[in-house]
Amino acid sequence: MTGLVAMVGQKRRRSRKPALMGSHQRCWLWGRHVVLETLRAGRWPIVELRIDRTLGSVIADEVAALAAEKHVPVIAETSARLAQLCGAGDHQGLIAKMRPYPFWDLGDLLASDPPPTSLVMLDRIQDPYNFGAVVRAAEVLGMDGVIIGERGQSDVNSLAARSSAGAVNVLPIARVPDLADAARLLRDTGLRVLATDSSADTPIDHCDLTHPTVFVIGNEHDGVSESVAAVCDARVKIPQSGQVESLNAAVAAGILCYELRRQRGRSESVGGKM
Amino acid sequence: MSVLHLRNPHSVLAAISTRPQDVLSVRANPQIGEPAWREVLAAAADAGIRVQSRAVQHRHSKQKSAGDGRQGAGEADVKPRSDVPLEELFASVTDHGLWLAFDHLQDPHNVGAIFRTAAFFGVRGIVMTKDRSAPLTATVYDIASGGIEFVPFSVLPNLSRALKVAKDAGLWVLGTSEHAEQDVAAVPRDRPWLLVLGNEQKGLRQLTTKNCDETCRLSPRGSITSLNVSVAAGILIATLTAEPA
């Protein structure tokens with residue numbers, strides 16, 4: 001599948017410079033809300049902002065003030081030039097040239113204080129909308145982080161950032177070279193790693209999720225890969241009662257994380273993390 | 001009647017298995033070797049549907065792929081599924097079960113994902129409004145991944161009337177609000193529910209909320225508005241269709 005790179009803000013027209021994502025060094029983030037939120041969060045480094053020179057002064061002043069505070073240069077452009085740069089028409093007058101997304105190191109994530117007790121591992125979620133929606137659900141439902149692999153996985157790009165409603169700026173996301181190795185490390189660290197599999201025998205509400213838990217959610221085409229599932233503690237399913245056999249990845253993530261919260265809410269004291 | 005060009009092999013397979021007469025033709029490139037499309041080709045041949053084994057040139061190649069990036073190996077021309085009258089949608093109401101109503105849901109991704117979830121959990125029917133709602137386009141069918149074929153639906157001009165008909169048929173109307181007192185897990189399971197799902201930005205309209213018999217929320221409070229509508233709907237549907245503890 002070559003669509004992943006093509007869906008990112010790649011230049012459509014020829015240019016003397018090499019395409020931005022070609023080197024995977026930088027990409028464009030577009031859309032007023034997600035750009036401002038990313039700028040405010042200050043986690044994902046921004047090289048420069050380009051703003052539509054005809055934008056109203058209220059917004060332009062807000063952008064200028066925030067950019068000055070964060071030491072990010074702002075360049076005024078025509079709206080058409082913005083569309084040309086980011087490769088999308090729905091930029092709402094504000095785009096940002098991004099440095100690579102600052103993924104967490106898994107070891108650092110596991111060593112953080114307090115240590116993570118609820119994680120989501122994604123095994124090749126290719127669609128940036130699904131990826132972003134999973135991150136959003138995980139963040140809202142209080143999970144401690146998301147782990148992704150390097151191959152066959154959507155990058156954190158503009159579409160994923162927008163679909164995450166900014167959660168990529170808040171929730172730790174770790175990227176690892178090999179998911180099976182990472183699953184082994186998680187087990188060795190004392191987390192229970194659960195592979196979701198529609199043909200599993202154990203329904204999720206029959207699992208004790210009050211232990212530190214990792215949910216592994218697989219590619220929608222072929223599920224969790226066998227090499228990863230083989231090192232998991234158990235295979236679990238969301239019980240199906242209708243005729244369609246699988247759920248959207250973000251919906252599945254939402255149901256799993258909600259069940260975990262529900263179980264822990266029951267065992268936590270009132271006024272706890274919930 | 002317009003024809004939909006479906007590109008997700010799972011939405012095509014579901015249409016072939018439920019209403020083969022509406023599947024006009026299937027085109028797929030057998031060289032791609034995509035197992036799901038091979039299954040489509042076999043099912044279509046069995047059902048006597050016109051099959052063309054050749055490379056597919058998508059009419060709208062710039063249109064973004066719906067769902068999970070599986071599209072591209074094939075395409076099928078399928079007539080839209082017909083909606084059913086409201087009375088028929090509620091004809092099978094018994095002492096339990098779940099129906100859904102969309103209160104101006106506008107994002108085709110959400111509508112498709114909710115149909116898929118509804119079909120996964122055996123939701124009995126869906127009520128949608130004609131105006132200010134996402135129409136059931138090919139994108140919605142493909143995101144639903146077959147879900148539209150398994151859940152009957154009614155398309156109506158007016159949601160308030162639908163809620164009244166539902167109540168007359170014996171359904172209880174359940175709204176969602178982050179201000180609700182009871183968590184969805186506390187909603188009694190001894191009766192049939194019509195769950196109303198609100199618009200992406202505005203939630204339920206006031207008029208709709210007034211028509212609800214009860215409202216519920218997710219915990220933590222506030223998550224129902226900060227979650228994507230289709231994810232929140234998934235949690236609500238999963239909870240309301242689970243076997244009571």
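Naming: A, B, ... by sequence-line order, numbering from 1 per chain.
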Given heavy-atom pairs under 4.5 angstrom as the criterion, report whether the side chain, backbone, both or neither of [X] touches chain B.
{"X": "A:Ala137", "answer": "both"}
{"X": "A:Glu245", "answer": "backbone"}
{"X": "A:Leu256", "answer": "neither"}

Heaviest contributor of heavy-atom pairs below 4.5 Å to chain A, chosen from B:Leu218, B:Asp183, B:Thr241, B:Val151, is B:Leu218

As an exercise, state the distance from [atom1] of [X] to [atom2] of [Y], rounded to the nearest 0.5 Å.
{"X": "A:Asn248", "Y": "B:Phe120", "atom1": "CG", "atom2": "CZ", "value": "12.0 Å"}
{"X": "A:Arg262", "Y": "B:Ser219", "atom1": "CZ", "atom2": "OG", "value": "10.5 Å"}
{"X": "A:Arg261", "Y": "B:Ile235", "atom1": "CZ", "atom2": "CD1", "value": "12.0 Å"}
{"X": "B:His10", "Y": "A:His221", "atom1": "NE2", "atom2": "NE2", "value": "7.0 Å"}
{"X": "A:Glu139", "Y": "B:Ser226", "atom1": "CD", "atom2": "OG", "value": "8.0 Å"}
{"X": "A:Tyr129", "Y": "B:Ile143", "atom1": "OH", "atom2": "CD1", "value": "9.5 Å"}

Smallest heavy-atom separation, B:Ala238 atom then A:Ile255 atom, equals CB-CD1, 3.9 Å

Which heavy-atom pair separates A:Val244 from B:Ala119 by the least distance, and what is that distance? CG2-CB, 3.4 Å

Between A:Asn219, A:Val140, A:Leu141, A:Leu247, the one whose heavy-atom pairs under 4.5 Å with chain B are most numerous: A:Leu247

If you count heavy-atom pairs under 4.5 Å with chain B, which of A:Gly254, A:Ser241, A:Ala253 comes out on top? A:Ser241

Is it the case that A:Ser246 and B:Arg116 place a side-chain donor and acceptor less than 3.5 Å from each other? yes

Side chains of B:Leu227 and A:Tyr258: closer than 4.5 Å at any heavy-atom pair? no

Hey, is CD on A:Glu226 packed in by over 12 heavy atoms from elsewhere, all under 6.0 Å? yes

Does atom CH2 (A:Trp44) have a neighbourhood of more than 12 heavy atoms from anything else shown, all under 6.0 Å? yes

